[in-house]
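Everything below concerns the one structure shown next.
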Amino acid sequence: MGTINYSLSGMRDFNFLEVRKRNYIINNLTKLFELYGFSPLETPSMEKRSVLFGKYGDEGDKLIYQVLKSGNFLSKINDINTQDYKELSNFISDKALRYDLTIPFARYVVQNSQDITFPFKRYQIQKVWRADRPQKGRYREFTQCDVDVIGSSSLWSECDLISIYSDFFNIIGLKNISLNINNRKILEGIFDSLDIKTDFTSFCISIDKIDKAGKEYFYDFLDQKKCSKVQSKLIAKLFELKLSNSDKLQYIKSNFINEKVNSGVEELLFILDKTKSCKIDISIDFSLARGIDYYTGSIFEVISKDKSIGSLGGGGRYDGLTKMFGKDLGSGVGISFGLERIYMLLDEFNLFPKSINKSTDVFFVNLGEKEACISQKFVNILREKGISSELFPDCVKLKKQMSYSNKKNSKYTAMIGEDELNTGKINLRNMTTGDQELLTIDELIKKIKNE
RNA sequence: GUGACUAUAGCUCAGUUGGUUAGAGCAUCGGUUUGUGGUACCGAGGGUCGUGGGUUCGAGUCCCAUUAGUCACCCCA
């Protein structure tokens with residue numbers, strides 16, 4: 001029935017194959033994170049409302065799922081007369097589902113700072129929720145995989161994170177990946193150098209839009225904000241430079257001279273110099289701004305050049321994040337991997353290993369009580385040897401059991417009937433070729449171990 | 001939050017300018033085969049056409065409302 005749809009829009013079930021594929025990605029990430037010296041962390045799905053709000057910008061706040069207070073929350077708000085839903089939600093909700101992993105991480109670090117040795121390196125793979133309208137590659141419940149270093153402003157951290165991106169996409173075999181990099185200091189420097197009537201955030205958002213809306217949009221924006229034509233031209237040119245990384249930096253150095261721009265450029269130079277051996281394409285993109293408010297230095301975004309499904313990951317450096325929770329524990333930098341988008345690409349290019357689809361190695365059919373007893377003995381022996389094995393629970397038609405085994409994608413089906421009971425052998429059928437042979441249990445183990 | 005499009009069997013979809021009992025493929029179940037799956041052949045079950053209203057002698061088909069889904073925008077992984 002078309003009407004019966006039990007699950008919430010934008011929130012999904014995962015069947016066995018999907019879970020295995022997702023785990024494949026997660027396992028590879030976890031291995032890498034550990035290899036680079038990061039430790040795992042998990043935080044609750046919900047945070048206090050005050051922890052989350054005001055951290056992601058106005059647009060971000062709107063997308064936070066809020067949870068109602070329990071009990072009769074209306075009884076205490078008699079004296080409230082507001083028509084403003086934002087104000088009202090403050091009274092009836094005191095907690096919310098996490099929107100990302102970085103803010104809960106910052107909260108955790110401040111709360112536990114006495115037990116943490118800095119710089120603190122953690123990775124976190126958990127679900128986050130956004131009350132966005134779902135569309136392709138975008139869900140209301142999705143998994144983020146974050147790695148962050150907090151308590152150090154060294155650019156070596158940036159280099160390590162870039163190296164993780166590079167290693168990961170190399171390991172899982174995704175080609176044509178580009179890591180775009182920029183620095184908020186450069187954007188701030190440019191912004192300062194302009195005589196323009198707007199705030200920095202709107203400026204960033206308009207830059208970010210050039211890609212989609214075109215440069216005309218950006219010209220209009222600058223014009224509206226009373227930016228001079230000379231400056232407009234200079235800056236628009238900056239965002240469409242088709243130059244090498246070093247030429248781009250040269251251009252910006254000679255056209256926008258101030259301290260902020262300079263220090264941003266210096267940072268980029270350091271990072272580019274130290275990541276030369278990375279296998280990923282690193283390209284400076286001055287139009288990369290990112291909407292999240294808290295970034296202050298380096299910003300990253302990973303995209304696929306083959307498919308436009310949004311970014312595969314992103315991140316950046318943030319200076320004041322722990323300050324928002326009452327303690328300044330130093331600068332931090334982190335990146336995130338978008339599990340569902342990486343999944344989509346791997347699926348599309350058939351890059352998941354074939355072994356993901358296999359299940360039981362040896363599937364025993366059930367042909368009677370005596371037969372089941374001896375089959376179960378063999379099943380136990382195989383399991384001890386680390387060979388996955390199972391016995392069909394019911395003695396039903398063989399055809400049915402074979403069909404079940406086939407659908408489960410078993411490698412072999414083992415049959416023990418009257419004949420095999422007498423000879424003590426196992427009738428082993430290869431489910432790919434259909435070949436059958438009579439083996440003792442020892443021969444069977446040897447055969448499978450040798451594959 | 002804004003806009004566009006879609007809704008028929010478990011799934012993917014046909015269904016003519018409105019006209020008998022709404023079809024196919026896949027899937028499921030049974031049989032050809034009581035010890036052989038995946039390939040073959042035969043058969044069966046399964047639908048209040050998303051929901052509610054309207055126009056009409058007559059609506060899956062036209063109109064209105066509603067709900068859900070998809071895609072795009074905003075923003076983002």
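What you see below is based on every heavy atom in this structure, not just the backbone, and it leaves out hydrogens, waters and symmetry mates. Residue numbering restarts at 1 for every chain, and letters A, B, ... go by the order of the sequence lines.
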Q: Between A:G10 and A:E340, name the one whose nearest nucleotide on RNA chain B is closer to the 5' end.
A: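 The residue mapped nearer the 5' terminus is A:G10.
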
Q. Between A:G314 and A:P134, which is nearer to the 5' end of RNA chain B once each is assigned its nearest nucleotide?
A.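 With A:P134 and A:G314 compared, the 5'-side residue is A:P134.
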
Which residues pass the ring-ring contact (aromatic ring centres under 6.0 Å, His included) test with [X], sequence neighbours left out?
X	answer
A:F38	none
A:F363	A:Y404
A:F168	A:F337

Q. Quick one: side-chain contact (heavy atoms from CB on, under 4.5 Å) partners of A:E348, sequence neighbours excluded?
A.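 Result, side-chain contact (heavy atoms from CB on, under 4.5 Å) vs A:E348: A:K307.
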
**Q.** Results of side-chain contact (heavy atoms from CB on, under 4.5 Å) for A:R133 - residues two or more places apart only
**A.**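 Applying side-chain contact (heavy atoms from CB on, under 4.5 Å) to A:R133 gives none.
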
Is any side-chain N or O of [X] under 3.5 Å from a base N or O of [N], one able to act as donor and the other as acceptor?
X	N	value
A:N406	B:G37	yes
A:R341	B:C76	yes
A:Q401	B:U36	no

Quote, to the nearest angstrom, the [atom1] distance that separates [N] from [M].
N	M	atom1	result
B:G3	B:C75	C1'	16 Å
B:A9	B:A22	C1'	11 Å
B:C29	B:G10	P	16 Å
B:A14	B:U8	C1'	10 Å
B:G60	B:U20	C1'	15 Å
B:C71	B:C26	P	28 Å
B:U56	B:G19	C1'	12 Å
B:G1	B:C57	C1'	47 Å

**Q.** Criterion side-chain hydrogen bond (donor to acceptor under 3.5 Å, both in side chains) on A:Y99 and A:E47, from CA distance to verdict
**A.** CA-CA 10 Å; A:Y99 177 90; A:E47 294 281 350; over 6 Å; no

Q | Worked verdict on A:S178 versus A:S283 for side-chain hydrogen bond (donor to acceptor under 3.5 Å, both in side chains) | A | CA-CA 7 Å; A:S178 172; A:S283 121; 4.6 Å; no

Q. Under the side-chain contact (heavy atoms from CB on, under 4.5 Å) criterion, do A:D281 and A:I177 qualify, and how do the steps go?
A. CA-CA 7 Å; A:D281 273 354; A:I177 299 295; over 6 Å; no

Q. Are the ring of A:F142 and the six-membered base ring of B:A77 within the stacking cut-offs of under 5.5 Å and under 30°?
A.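 Yes, A:F142 stacks on the base of B:A77, since the ring centres sit under 5.5 Å apart and the planes are within 30°.
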
Residues [X] and [Y] bridged, charged N to O under 4.0 Å:
X	Y	result
A:E267	A:R317	no
A:E340	A:R22	yes
A:R12	A:E18	no

Q: Could you tell me whether the phosphate oxygens of B:C71, OP1 or OP2, come under 4.0 Å of any side-chain nitrogen or oxygen in A:Q135?
A: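 A:Q135 to B:C71 OP1/OP2: no side-chain N or O under 4.0 Å.
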
Q. Tell me, which of residues 166-175 of chain A have any heavy atom that sits under 4.0 Å from an atom in RNA chain B?
A. none

(Q) Let's see if you get this right: which residues in residues 409-430 of chain A place a heavy atom under 4.0 Å from RNA chain B? (A) A:M415, A:G417, A:E418, A:D419, A:E420, A:N427, A:R429

Q: Give the B/S/- string for nucleotides 26-31 of chain B, one per nucleotide from 5' to 3', where a protein heavy atom under 4.0 Å of the base yields B, of only the sugar-phosphate yields S, and otherwise -.
A: --S-SS

**Q.** Test log, rule side-chain contact (heavy atoms from CB on, under 4.5 Å), inputs A:L63 and A:Y56
**A.** CA-CA 10 Å; A:L63 300 179; A:Y56 307 105; over 6 Å; no

Q: Using the six-membered ring wherever Trp is involved, compare the ring planes of A:F203 and A:F191 and label them parallel, tilted or perpendicular (cut-offs 30° and 60°).
A: tilted

(Q) For A:Y295 and A:Y318, take the angle between the two ring planes, folded into 0 to 90°, and tell me which bin it lands in: parallel under 30, tilted 30 to 60, perpendicular over 60. (A) tilted

When all nucleic acid strands are considered with a 4.0 Å heavy-atom cut-off, which category describes [X]: base, sugar-phosphate, or nothing?
X	result
A:L339	nothing
A:Y139	base
A:S405	nothing
A:G434	base

**Q.** Under the side-chain hydrogen bond (donor to acceptor under 3.5 Å, both in side chains) test, residues paired with A:N366 that sit two or more places apart
**A.** none

Q) Between which residue ranges does RNA chain B form stems of three or more consecutive Watson-Crick or G-U wobble pairs, both distances under 3.5 Å? A)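 Ordered by first number, the stems with RNA chain B (at least 3 consecutive pairs each) read B:1-7 with B:67-73, B:10-13 with B:23-26, B:28-32 with B:40-44, B:50-54 with B:62-66.
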
Side-chain donor-acceptor contacts of residues 368-379 of chain A below 3.5 Å, not counting sequence neighbours, with atom names and distances?
unit_1, atom_1, unit_2, atom_2, d
A:S375, OG, A:E371, O, 2.8
A:Q376, NE2, A:N380, OD1, 3.2

Q) Going by heavy atoms in the side chains, are A:L438 and A:D419 under 4.5 Å from each other? A) no

Where do N or O atoms of nucleotides 42-46 of chain B meet protein N or O atoms at under 3.5 Å, pair by pair?
none

